[in-house]
S.K.: 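The structure under discussion is supplied below as structure tokens; questions concerning it will follow.
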Amino acid sequence: MKPLTITICTGTTCYVMGSGYLLSLQEQIESACSRPIEIVGSSCLGLCKDGQYGCAPFVQIGSTVIAEATPEKIIETLKQQTARNPMEQI
Amino acid sequence: MNGDNNVQRNKRRLLIETAALAFRGRLAEEIDALPVKLFPKGSAPTRCCIYKSRAITRYRLMAVLGYSTQDETDECTPLSEYVRRAEESRPPSGPILTVINEACSACLTGRHYVTNVCRSCVARPCVTNCPKQAVQIISGRARIDEERCVNCGLCLQQCPYHAIVYVPIPCEEACPVGAIRKGPDGHEQIDEDKCIDCGKCLQACPFAAIAERSQMVDVIRRLREQKPIAALLAPALAGQFLQDFPKLVGALLKLGFSRVVEVAAGAEMTARHESRELQEKISRGQAFLTSSCCPAYVQAVRKHIPALAPFVSQTPSPMHFTAQQVKQQQPDILTVFIGPCIAKRREAAENPCVDYVLTTDELGAMLVAAGIELADCPPAEWTESPLPQARAFAVSGGVAETLRAVSPEPNAVRPMLIDGLDKKSLKLLSVLPARGTGGANFVEVMSCAGGCVAGPCNISQPKTAARKVRDFAGLQNPAAQAVS
Ligand code: SF4
Ligand code: SF4
Ligand code: FES
């Protein structure tokens with residue numbers, strides 16, 4: 001299975017709000033979702049500026065944006081997406 | 001607790017929002033609305049209800065403004081009044097940490113608990129072994145009478161089902177010196193005669209009931225006045241953001257600092273001084289010398305291990321050397337030490353060369369509030385080049401490594417590392433004067449396990465930070481680095 005990309009924002013706002021800790025979750029997420037994933041850090045995704053997307057830290061999986069991202073929320077989103085789309089990548 | 005949790009995030013948000021108001025000069029006008037802004041109607045409560053969250057936020061904001069919750073004489077005083085008072089004169093000195101009783105009251109009281117694994121067995125060793133007759137069987141389950149229980153733990157040891165658990169109070173368990181205890185009103189109190197300002201209770205409390213009195217708002221006011229003001233960056237700072245150091249310097253200049261200095265330069269001076277002191281003391285027959293750059297450790301000796309005091313180095317800290325140099329070059333400049341440390345606030349309060357202390361998370365909040373994106377900052381030209389080892393002072397082992405590097409005979413420095421203060425390592429330290437070190441002549445002590453890169457107010461994960469700091473120093477990253 002091709003690894004699914006999880007983009008973690010490491011812009012200043014997201015980093016200050018704790019996204020640095022999300023960068024090291026590879027194993028935890030993989031074992032919870034039993035599928036390969038790839039975690040990439042990104043510069044400011046531009047979601048933190050006007051507050052309309054909620055609060056930092058932001059994580060993006062495909063077209064889904066997770067605000068106030070936590071390991072649980074990331075795993076939850078992945079499970080939902082896999083359930084909706086069991087055969088293919090999202 | 002992992003360094004990223006709701007307590008930390010709420011703290012950062014509070015700092016960001018406060019800093020944003022301060023930068024816009026709207027603090028007095030808008031601060032009283034912040035608790036509601038952060039916990040609006042309909043938001044998911046993180047405590048029993050949003051009203052409690054708001055009330056506690058108000059007390060946390062008092063600390064952000066520099067006040068202790070004990071400074072409150074009248075619950076009707078709005079936060080804006082504290083803003084005004086702080087503008088007139090700096091908030092009173094005194095303890096750095098303050099306990100918010102309203103948040104603390106949600107914590108546990110008793111400590112030994114009977115779980116529902118209890119089978120109400122026939123032997124009932126818990127009942128028969130309790131020396132205080134505190135255990136009784138009520139409705140088919142053992143119960144512990146909190147009033148009588150002295151937490152001796154005999155019932156826990158005796159239960160064949162392991163049905164009794166011991167739940168320590170997080171702050172009390174974390175405190176290495178027994179300085180935080182429940183007072184008669186059931187809330188935690190910090191005993192100033194014992195507290196060493198290590199900040200471990202602050203990191204451990206899951207209810208955000210312990211807050212540190214900040215100087216951030218005052219610093220922002222100074223920045224807006226555009227007077228000469230220098231940022232003194234602790235060595236740990238090199239590992240606190242993902243971007244390279246020159247960009248961080250660029251960001252600080254953008255924030256309004258007129259000058260940025262690396263405290264690593266002072267660390268080199270500390271090491272040179274300390275290396276001479278070591279030679280001298282050893283030649284005069286002293287068995288060993290301990291470091292003195294960690295103010296939490298220095299306070300621990302002063303308050304708890306007086307017998308060790310003669311062995312503590314007299315050498316001033318890197319912060320002192322750096323600030324002194326900056327003040328000598330430019331007497332009218334204000335000095336702001338920036339680091340991950342709470343104990344440095346105490347050291348600075350006693351040092352006329354240091355005007356303010358900011359913590360790393362406060363700096364992060366200020367950058368966010370000012371809309372400064374580190375990645376986009378023009379890197380400053382950075383020509384300072386302290387000794388590489390001095391840049392790694394913030395990683396456990398770094399002080400000893402620097403001492404060796406500056407010593408004419410590196411092998412004459414035989415280090416022993418105390419990596420983190422806890423009850424156990426304090427005990428070890430307390431026997432050193434009598435029993436000696438077993439061959440070591442230099443004892444490096446860091447209150448935070450892993451070094452300042454694991455300090456209580458950091459942003460980065462300690463491991464990531466340690467790696468970055470050593471990379472910046474141009475030193476190898478030993479695989480066996482002890483970082484928790
Ligand atoms: S010594 Fe440390 S853990 Fe104990 S009360 Fe003081 S700051 Fe908190
Ligand atoms: S180890 Fe460093 S951060 Fe921790 S208390 Fe000591 S000086 Fe402060
Ligand atoms: S810093 Fe993450 S969206 Fe801007």
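To find a chain, count down the sequence lines: A is the first, B the second, and so on, and within it residues start at 1. In what follows, every heavy atom counts, from backbone to side chain, and hydrogens, waters and symmetry copies are set aside.
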S.K.: Just list the donor-acceptor pairs under 3.5 angstrom between chain B and chain A, please.
M.R.:
from	atom 1	to	atom 2	distance (Å)
B:Arg9	NE	A:Met17	O	3.4
B:Arg9	NH1	A:Ala69	O	2.9
B:Arg9	NH2	A:Ala69	O	2.7
B:Arg12	NH1	A:Val16	O	2.7
B:Glu373	OE1	A:Thr12	N	3.4
B:Glu373	OE2	A:Thr12	N	3.0
B:Glu373	OE2	A:Thr12	OG1	3.2
B:Leu374	N	A:Thr12	OG1	2.9
B:Ser460	OG	A:Tyr15	OH	2.5
B:Gln461	NE2	A:Ser24	OG	3.4

S.K.: Going by salt bridge (charged side-chain N to carboxylate O under 4.0 Å, His left out), name the residues that satisfy it together with B:Arg58, two or more places apart in sequence or in a different chain.
M.R.: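 Per chain and number, B:Arg58 pairs via salt bridge (charged side-chain N to carboxylate O under 4.0 Å, His left out) with B:Glu72.
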
S.K.: Tell me, please, which residues at least two apart from B:Arg222 pass salt bridge (charged side-chain N to carboxylate O under 4.0 Å, His left out).
M.R.: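 B:Arg222 satisfies salt bridge (charged side-chain N to carboxylate O under 4.0 Å, His left out) with B:Glu225 once adjacent residues are dropped.
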
S.K.: Under a 4.5 Å heavy-atom cut-off, does chain B meet the side chain of A:Cys55, its backbone, both or neither?
M.R.: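 For A:Cys55, side-chain heavy atoms alone lie under 4.5 Å from chain B.
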
S.K.: When heavy-atom pairs shorter than 4.5 Å are enumerated against chain A, which of B:Leu242, B:Leu363, B:Leu15, B:Leu374 gives the highest number?
M.R.: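 Answer, by heavy-atom pair count under 4.5 Å with chain A: B:Leu242.
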
S.K.: With sequence neighbours left out, what residues match B:Glu262 under side chain to side chain donor-acceptor pair (under 3.5 Å)?
M.R.: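 Listed in chain order: B:Trp382, B:Arg391.
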
S.K.: Contact part of B:Ala365 toward chain A, heavy-atom cut-off under 4.5 Å: side chain, backbone, both or neither?
M.R.: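 Contact with chain A involves the backbone of B:Ala365 alone.
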
